[in-house]
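A, B, ... follow the sequence lines: proteins, then strands. Residue 1 opens every chain.
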Amino acid sequence: MSGSSGAVASEKGQDTRRSCVEESFFASPLYDFLYPLRPVANQWSAKYIILIFALIVRLAVGLGGYSGKGKGPLFGDFEAQRHWMEITTCLPISRWYFYDLEYWGLDYPPLTAYHSYILGRLGSFVNATWFKLNTSRGFESIDLKSFMRITVLLSELVCYIPAVMYFTRWIGRHRNQSPIGQYVACAAILFQPSLILIDHGHFQYNCVMLGLVVYTINNLLDEFYGFAAICFVLSLGFKQMALYYSPVIFAYLFSRSAYYPRFNFPRFAGIAIATLLTFGALYAPLCLFGDFRNIIQSVYRVFPFSRGIFEDKVANFWCVTNVIIKYRELYTQKQLQFYCLLTTAIAQFPAFIIIFLYPKKFLLPYALAACSMAFFLFSFQVHEKTILVPLLPITLLHISTNWDVLSMVAWINNVALFTLWPLLKKDGLLLQYAIMFLLSNWLLGNFSFVTPTFLPKFLTPGPSVSDVADDYRRRSLLPKNIFWRIIIVSSYVCMAFIHLLDLYVQPPRNYPDIWVLATCALGFACFTAFWLWNYYQLYRMRNSSLNEL
Amino acid sequence: MSVRRTVKKVNSDSEGDAKKKKRVVRNHGSEEDSGKREMQKSAEAEKQDADWGGGKRVSGSEEKQGCRFSLWNFWVSSTVLKLLLMPDYFSTDLEVHRNWLALTNKLPLLDWYREATSQWTLDYPPFFAYFEWVLSQFVPAVVRDDGCLDIVKEGKFGWPTVVFLRLTVIGTEILLFVVLQVFINTSDESERTVNFIIASSIALSPGFLIVDHMHFQYNGFLFAILIASIVAAKKERYLLCGAFFTTVLCFKHIFLYLAPAYFTFLLRAYVLNFSNFSFRTYRDLIFVVRWFNLLKLGVIIVSILAVCFVPFIPVLPQLISRLFPFSRGLTHAYWAPNFWAVYAFMDRILTFIMLKMPYVHKCATKIVLPPLIPNSIEEIKNRIGASNYGTRGLVQDILFIILPQVQPRLTFALTLFYQILAIIPVLFNPSFKRFIGCLTLCGFSSFLFGWHVHEKAIMLVIVPFSFLVSMDRRLLTPFMLLTASGYVSLFPLLYQSSEFLIKVLYTWIWCIIYFSALKKTVKVSTSIQRRVFFFDRLAVCYCLLLVPMVLAVESLGVMKFKYVILQKYEFLGLMCYSIFCSIGVISSWIGLSWLFNFDEPLWV
């Protein structure tokens, strides 16, 4: 239990009932909602209730717009996904990676293609006109939209949600967290706004890749190394962004089989064989039904080194410092690629080393976060949506019971959501953006200060059904350290300010992107601060145990 | 632990005093470290086996904490969901209300009921018109420019108008939460848990979500007023009860269906007094009436009605004809799940059978004489032709082919008959329980037998029934049947694919949560267990069967892209819905009527 909530308890002179680990979200609305499910007889229903409400929120967000809606001739990600379903169902495998590359050519690894193929088949079964070759380009209808939304939901239902539930349960069980504590953490992870908005609003299938990564982590926790390798390769095979995690996963697997606790050849061989076989299975159809050229082409498509150093405006090092140093004028593409590689390698190296020397289960989220954040901040060709990759291990830290950790996680989640603002604004998802921001923070209890401060006494609501004392108020998630408090609060103030500017002030003519750049700069600063904190945490915790997570 | 026990005892003594003492005790406890530790232990023990609404334990812990049972969290979360639903499909009702907003804003009072530029003329009583006028005063400039306040044949408006109107629904619905919170706060400690469940079940009802926030209507705050009158009746504040009911009647005249119950209840409980009545001469009857009470009630009701209708006296006939349009047909395009749906379905089946197997018709004519049944097969075919023509006509009336036609008079007679059956017990025993049962049954009979009933009217039954179900566990079976089938029957209101999963999942989770919560908290009021288990199981089976039914109908809809022939049979899905749901509603009605009329321990 963190000290700060203990301090609150001594302030109030009561609330002795918060015992230990499970109460990190004590008195938050999530806790209040899930409290009735405490007794053993009701526990089975908790996960279904969380699941169904998670689905309802995703569906409700899905009612809004999607990327590129009605914006021909190229449209957006929605059209890209639909187009891939079209080409995978209508063309032989040998032509998938070659067909009309100008119009949303397939640029993800083969598993995405297979996934599109299955969904495309399903969709063609319902309505064949949705995925007719060439004629269906830019097709838009309510039913198609619903179908596509449901495919995302199904993918998430299979890949992401069970993985997260298993993860929270595993951690909870191994340190005697109460079931309700596990469920609260699980709900907190599932209500993470950024992923919901990108997948179900903007439209992408990130949940598949991220879910497979969580499965990888689950298998690592259960010490099924072969399965972990399979899951991770599948995740890589879905989106190459999973590479951001690869150093840590590699280091962990390697040190676990090489020396921790001793050299274990069967394990090593198992991992190697599983990895190779999975890669083989993924690429075999491309080779069998086409030829070797097909594989080369797919790899070439997946790693777009011919593209620029960053896409649009991203809150990473290159994009933000580009304001001062015009990289593209100073250096050639090749040089830039080399510098990116170098900086990324240096930035992720400490995580790699620590996880190699201390391959402990509870360090995984920290190490993955540090490593993937390093990639996000310094690597080549980063999208703003890619923040979801570092955000996943960070969000998994919701199972922590340390007040400081939770505060940082909540903060960086908000920052990440904030950096997605320009993208969501383009898609017309402002309402959903605002609502999801409010909802996720409210559920975690970050707005509990509002009610007693701004509402008259007779309107101040008490807790509805939980064991929270009448006059107990949960504090918002802020770290104990005053330095961090100042940083976090001022970052929130800046965010609000930038939002106001963006909404009400026309940018100067010479700098039409000035507000977006401000968003990126603020995001970059916060991410960097978090990243450093994360490294510090990783270093500090290298010798502690699961219970201190 | 011991400290807490004393609190419990004190609490049971007297409330106000107890709170003070409790605070003292608490402070005391917090100073003592050992006591603190003990309390912690007990709390942990409680965590392990405390059961929500498990009766004893929860009521105990609730006393300890002085739990407030606030609806605040529910309000916030449901509002968030409702805001997310704003871009969703809305029905023509949004255009209807927008038009009313425009005409109340732009026209003088007397023209409100005469204006007919748009086909969506004002056909709610004047209070609702006033309400629209008040809302129209708050229309911001952006929305005004968007065309929200234009009196035109067909409204041209965009996102700002939709947002504004949706926000007014969300805003006025706050009243529902307030009233329900008052209901919780004023209820006894012992029944607060179950009342909290009832209140939250109404506040989070899928019915309001579907009808108000997706389909678009203002039921939330109207039902808030109705609930206020029910709560007043419970607290024996009869004047308030009458006033609230009259008010809601002046907002929407569909509540007229509940008026007989209110009339009888108020008459019997407030106006008449049979307590020391002995008949000697007819003069004694004068003293049965409490004249002063009658005067008070009368003045209140008449003055409310006056405020409502007096400004419209010059156009009163026009107003009345708007409120009660008799030109509509027996059933709606989509049959509401009531008796007439079954009737119409039987007619379709008989037609089918008789056309396929003419000798059935021959046998039938032997038993039933020709005026009641078509003479020959040719006549059946003629009637089919006529009915097809009829549905395309302006008057959307249903023409029965085999069975006798139904006149409005018959539906009114049936409705009134069953309402009177429900009222009689209240005449003898004007208790709150009886009253609320009678209210539910009045809603039922009007829904089942009424003329041109809309499926949305099911809320008129569900809301009173929610207050009834807390009385006894045996009522839970009909309640489950009613809510499950009633809410499912609202699904066809939203026919688009985008909201299909939302409405299904929301209703499903609502049913699971509240059925299990009620099962745990509602007690059997008598020691004698007179439940028929077979029916209980059957009801559960029925509720579960609704799921495959909904999915089957939806997949039929999905397949229509592939098999064009299915588009012709779209009515099949709707028929499936209304027949299946009407079975649930009717059996719920039968179950409740049985308990209401023949189960005396329940009502004492």
Side-chain angles (χ1 to χ4, degrees), chain A residues 12-14 16-17 19 29 32-33 35-42 45 48-49 52-53 55-57 59-65 125-130 142-143 145-147 149-150 153 178 180 431-432 434-436 438-439 442-443 447 451 460-470, chain B residues 26-27 29-31 36-37 39-40 43-44 46-54 61-62 64-77 80-81 83-89 163 181 193 196 200 496-502 505-506 508-509 512-513 516-517 520 558-559 561-562:
Chain A
K12 298 272 172 186
Q14 43 185 339
T16 41
R17 26 186 64 208
S19 51
D32 204 20
F33 282 132
Y35 180 80
L37 306 172
R38 244 169 179 220
V40 183
N42 291 347
S45 57
Y48 297 102
I49 288 175
I52 290 189
F53 279 110
L55 292 184
I56 289 176
V57 166
L59 284 161
V61 168
L63 292 171
F125 177 71
V126 175
N127 188 342
T129 55
W130 290 343
I142 284 264
D143 291 312
K145 182 184 162 192
S146 313
F147 170 77
R149 294 282 195 213
I150 288 171
L153 202 71
S178 79
I180 212 69
L431 173 78
Q432 284 78 1
I435 296 288
M436 286 312 295
L438 292 176
L439 177 68
W442 176 74
L443 281 177
F447 288 131
T451 34
T460 314
S464 54
V465 277
S466 63
D467 60 349
V468 181
D470 222 8
Chain B
R26 258 198 192 162
N27 291 339
S30 66
E31 279 160 29
K36 207 171 172 180
R37 218 170 295 141
M39 266 151 68
Q40 203 165 1
E44 265 165 38
E46 196 183 272
K47 262 172 216 158
Q48 284 171 359
D49 59 355
D51 193 349
W52 184 32
S61 65
E62 164 201 326
K64 272 181 247 160
Q65 271 110 44
C67 206
R68 281 213 226 177
F69 285 122
S70 159
L71 287 174
W72 172 258
N73 282 347
F74 291 104
W75 180 74
V76 175
S77 46
V80 161
L81 180 62
L83 288 171
L84 282 179
L85 290 177
M86 282 205 307
D88 193 22
Y89 156 85
V163 170
Q181 188 66 59
T193 310
F196 173 71
S200 59
Q496 283 192 350
S497 50
S498 48
E499 63 260 352
F500 171 72
L501 275 177
I502 297 181
L505 285 176
Y506 190 84
W508 169 245
I509 197 71
I512 294 213
I513 290 174
S516 60
K520 279 189 184 133
V558 168
M559 286 294 107
F561 295 112
K562 196 168 171 127

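- The environment of CH2 in B/Trp508 is sparse: at most 12 heavy-atom neighbours from other residues, nucleotides or ligands sit within 6.0 Å.
- Proximity of A/Ser146 to B/Glu499: side-chain heavy atoms (C-beta onward) are nowhere separated by under 4.5 Å.
- Taking B/Leu81, B/Ile512, B/Leu85, B/Leu83 one by one and counting their heavy-atom pairs under 4.5 Å with chain A, the maximum is reached by B/Leu83.
- When heavy atoms are compared at a cutoff of 4.5 Å, B/Trp75 does not approach chain A at all.
- Only the side chain of A/Ile150 comes within contact range of chain B, with at least one heavy atom under 4.5 Å from a heavy atom of that chain.
- Here the straight-line distance linking atom CG of A/Leu63 with atom CD of B/Gln496 works out to 9.5 Å at 0.5 Å rounding.
- Within the 4.5 Å cutoff, the side chain of B/Ile513 has heavy atoms near those of the A/Ile49 side chain.
- With a 4.5 Å cut-off on non-hydrogen atoms, A/Leu153 touches chain B through its side chain but not through its backbone.
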>> Test side-chain contact (heavy atoms from CB on, under 4.5 Å) on A/Leu55 and B/Leu501; report intermediate values, then the result.
In response: CA-CA 9 Å; A/Leu55 292 184; B/Leu501 275 177; over 6 Å; no
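- Proximity to chain A (any heavy atom under 4.5 Å) is shown, for B/Ser200, by neither the backbone nor the side chain.
- The greatest number of non-hydrogen atom pairs below 4.5 Å with chain A, out of B/Ile502, B/Asp88, B/Val163, is found for B/Ile502.
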>> Apply side-chain contact (heavy atoms from CB on, under 4.5 Å) to residues A/Phe33 and B/Ser77 and explain how you reach the verdict.
In response: CA-CA 10 Å; A/Phe33 282 132; B/Ser77 46; 3.5 Å; yes
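- Taken to the nearest 0.5 Å, the OG atom of B/Ser497 stands 11.5 Å off from the CZ atom of A/Phe147.
- Taken from CG in A/Asn42 to OG in B/Ser516, the straight-line distance is 7.0 Å, to the nearest 0.5 Å.
- The closest side-chain heavy-atom distance from B/Pro87 to A/Leu431 is below 4.5 Å.
- When A/Tyr48, A/Phe53, A/Phe125, A/Trp442 are compared by the number of non-hydrogen pairs under 4.5 Å with chain B, A/Trp442 comes out ahead.
- Atom CD1 of A/Ile435 is separated from atom CE of B/Met86 by 7.0 Å, given to the nearest 0.5 angstrom.
- The structure places CG of B/Leu505 at 5.5 Å from CD1 of A/Ile56, a figure rounded to the nearest 0.5 Å.
- In this structure, NZ in A/Lys145 is found 6.5 Å from OG in B/Ser498, a value given to the nearest 0.5 Å.
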